[in-house]
2 protein chains.
Amino acid sequence: MPGVRDKVAIIGMGCTKFDEHWDKDVKDLIVEACYEAFEDAGIEPKDIQAAWWSTVVSGFLGRSLAYPLKLDYIPITRIENRCASGHDAFINACYAVACGAFDLVLVCGAEKCKDVGIAIPAVIDPAEPYSSRVDTRFPPPAAFAQLAIRYFHHYGIPIEEGRKILAKIAVKNHYNGSLNPKAQFQRRITVEDVLKAPIVAYPLGLYDCCGITDGAAAAIITRADLAKNYRDDYVLVKGAGMSVGMYQGEIQDDWSLTYIEENVRASRMAYKEAGIENPRKQLDLAIVHDCFTITELVIYEDFGFSPRGKAPEDVEAGTFELKGELPVNTDGGLKCFGHPIGASGLRMIYEAYKQLQGKAGQRQVEIRNQLALTHTLGGTPVDSNTAAIAIVGLRGA
Amino acid sequence: MPGVRDKVAIIGMGCTKFDEHWDKDVKDLIVEACYEAFEDAGIEPKDIQAAWWSTVVSGFLGRSLAYPLKLDYIPITRIENRCASGHDAFINACYAVACGAFDLVLVCGAEKCKDVGIAIPAVIDPAEPYSSRVDTRFPPPAAFAQLAIRYFHHYGIPIEEGRKILAKIAVKNHYNGSLNPKAQFQRRITVEDVLKAPIVAYPLGLYDCCGITDGAAAAIITRADLAKNYRDDYVLVKGAGMSVGMYQGEIQDDWSLTYIEENVRASRMAYKEAGIENPRKQLDLAIVHDCFTITELVIYEDFGFSPRGKAPEDVEAGTFELKGELPVNTDGGLKCFGHPIGASGLRMIYEAYKQLQGKAGQRQVEIRNQLALTHTLGGTPVDSNTAAIAIVGLRGA
């Protein structure tokens with residue numbers, strides 16, 4: 001299947017600061033992110049032929065995007081797939097451009113979580129209202145805490161030792177975020193800070209958890225053969241992958257709860273399309289779904305960055321730090337940048353885009369192979385997930 | 001823009017009876033509709049490479065579709081765009097197939113509205129929580145009642161005369177539904193029944209309003225060049241159109257509130273792609289969003305089936321009846337078939353598919369040009385809308 005590889009290019013992106021924006025509503029955030037993207041691409045809103053709109057709680061119907069941008073009767077698809085919404089929207093927009101339906105489209109994700117929370121849709125979620133299956137849904141920190149406990153148990157890591165490993169991931173992401181004026185949190189933290197913080201769901205403490213916040217991010221995409229009309233340093237879509245579980249893990253006695261199969265499947269799908277055989281060597285950076293520090297640890301292994309059980313050693317070695325072999329979450333990640341659900345996927349692509357263009361300022365990493373991976377995960381490890389990935393690269397990559 | 005015309009084929013479809021399914025949950029409905037589609041296409045669930053899932057209140061995340069069907073870690077996009085969700089999902093699936101990303105995909109829409117209602121998301125809809133714009137949102141019957149009153153006023157039709165015209169649309173749709181065992185309501189009604197029914201929002205009475213109900217519908221689509229491997233009477237996608245408003249009507253002094261511009265734009269987009277210049281002559285049938293009888297009346301004009309202001313005359317002449325010049329809502333429409341929000345778009349395509357194949361039984365219409373239009377509308381006339389259209393046809397059309 002040919003897919004989207006090298007058929008679609010990103011020619012403009014925008015991203016607001018992610019923060020508690022009590023003084024702005026979602027329309028303000030949409031305008032800010034999209035106009036940065038329009039300006040970056042050198043286009044105007046009237047040039048947009050169709051749009052994809054990603055949000056979980058901040059506006060049903062395409063009109064929630066159309067209204068603030070004054071988009072004039074164009075097609076707008078609204079996609080919601082929990083935390084994977086942004087990537088899902090981005091990938092669908094790529095399909096539409098790749099098949100020739102449109103030449104120039106907008107993808108925008110935005111969320112005002114601080115006003116309405118994100119719990120309401122979960123409470124009314126009637127997905128399985130009368131299911132006979134054991135209901136393992138409970139708050140995300142508790143679900144991901146199970147992943148941590150099982151991981152430590154499986155690999156014989158004392159819990160307090162494990163907590164130190166996770167703390168180093170939080171320290172890394174806060175350090176990266178401190179170099180990024182658009183990240184929500186600007187303060188560097190220490191391993192001691194993480195370990196001394198209040199426990200949210202043992203063994204995860206306050207600094208092991210990302211924060212739900214407000215923000216928006218946007219991308220302008222076009223057909224690859226048209227991209228050079230807009231800019232020289234456009235970024236190509238190299239591969240996309242998505243995998244949705246149906247609770248297979250729960251019915252497998254031998255599932256160790258030390259990995260997330262949806263991550264494995266989505267990454268292999270995207271690697272195949274992008275022609276990646278050794279992600280650790282071939283990727284210049286990865287921006288992944290670190291909703292909790294344990295999630296990022298497991299992702300290192302799910303994505304083949306580290307062999308199974310060896311991610312802690314790589315953390316100790318600084319492999320995923322800004323100057324390490326494969327920098328991960330160079331912008332601060334969900335942990336430090338913040339997590340406005342429907343916007344996060346686009347925020348990740350924004351960082352990959354800026355890094356590949358060499359425009360990431362103080363947090364710029366070395367670009368050797370011109371390839372970056374971005375990833376979001378919707379769901380919890382004890383439930384089932386939507387894992388979605390977009391791999392992007394400079395032309396010639 | 002080449003779009004999807006003749007690139008994508010429907011090779012299987014399924015649809016449950018739409019009803020108050022108190023004894024089934026959404027998973028039962030999904031299984032029933034999808035297995036009818038699998039059987040119709042001669043495939044098995046394991047053959048499906050990716051899926052699109054359309055629902056408003058019956059399951060967030062792709063897993064709500066993956067779980068009942070035991071789809072094994074494939075990509076599943078979840079699309080929600082209110083009443084236009086089903087078409088939005090179908091069109092996006094077409095883009096993915098047309099660009100070559102997948103050979104064989106599923107689109108499913110399902111809803112269990114009777115258990116949870118649809119009011120909850122509307123209440124928490126934070127799309128415009130602090131908008132300075134006048135809030136014209138109120139219950140759909142009241143909003144569409146304004147459309148009726150204004151239409152009658154604009155064309156000088158006495159209200160009680162107008163009510164009789166609308167009644168004839170209800171009578172037609174109930175008659176068509178009585179020939180359709182899958183339609184929710186099976187009883188034929190008279191103009192007198194409609195006029196004597198309790199008023200819901202004047203001038204709209206009980207029989208002018210469609211019912212929110214439970215149901216599911218599904219389509220299997222593939223690349224057009226692969227379709228003949230599955231069946232001879234496959235149905236091609238001929239054109240797609242979508243248009244999202246941003247409240248332009250509200251700020252125009254000269255907007256008469258007798259038409260819905262999003263309908264006009266979406267239909268012209270789809271006509272252009274499908275090569276349709278005279279829809280009344282070229283279409284064999286149309287399945288449109290008759291959430292209220294007045295909606296169907298206005299759609300006749302928005303879609304160019306009748307000249308402006310002349311739809312009442314065409315209603316009187318029986319133009320849109322089963323044996324009329326252009327049969328509309330041959331399956332009973334939303335009015336009689338029922339309206340499980342996320343499923344309705346697929347239900348409409350199901351009817352067009354069966355009619356084109358000559359498999360519509362007692363309600364079969366004459367197929368001359370081998371082209372059918374399907375349409376959903378999300379939003380209300382005094383608000384802003386998402387209008388979405390798919391035109392389908394037999395090969396050679």
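Just the heavy atoms: all of them, side chains too, but no hydrogens, waters or symmetry mates, feed the values below.
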Okay, side chain of A:K7, backbone of B:C99: is any donor-acceptor separation there less than 3.5 Å? yes
Give me the one residue out of A:D88, A:I91, A:T386 that meets side chain to side chain contact (heavy atoms under 4.5 Å, CB included) with B:T77. A:D88
Ranked by heavy-atom pairs below 4.5 Å to chain B, first place among A:A98, A:A96, A:G378 goes to A:A96
If you tally heavy-atom pairs under 4.5 Å between each of A:C94, A:A387, A:P75 and chain B, the highest tally belongs to A:P75
Taking all atoms of both residues into account, what is the closest heavy-atom pair of B:A66 and A:V244, and its distance? CB-CG1, 3.9 Å
Non-hydrogen atoms of chain B under 4.5 Å away: do they reach the side chain of A:I74, the backbone, both or neither? backbone
If you count heavy-atom pairs under 4.5 Å with chain A, which of B:A266, B:S384, B:A388 comes out on top? B:S384
Between A:W53 and B:N81, do the side chains contain a donor N or O and an acceptor N or O under 3.5 Å apart? no
Do the side chain of A:S243 and the main chain of B:Y73 share a donor and acceptor less than 3.5 angstrom apart? yes
Who wins among A:E261, A:Q248, A:E262, A:K70 for the most heavy-atom pairs under 4.5 Å with chain B? A:Q248
Where the side chain of B:R63 meets the backbone of A:M246, is there a donor-acceptor pair that is under 3.5 Å apart? no
Toward chain B, the part of A:I79 with a non-hydrogen atom under 4.5 Å: both
Per-residue contact mode, B:L71 against chain A (heavy atom under 4.5 angstrom): backbone
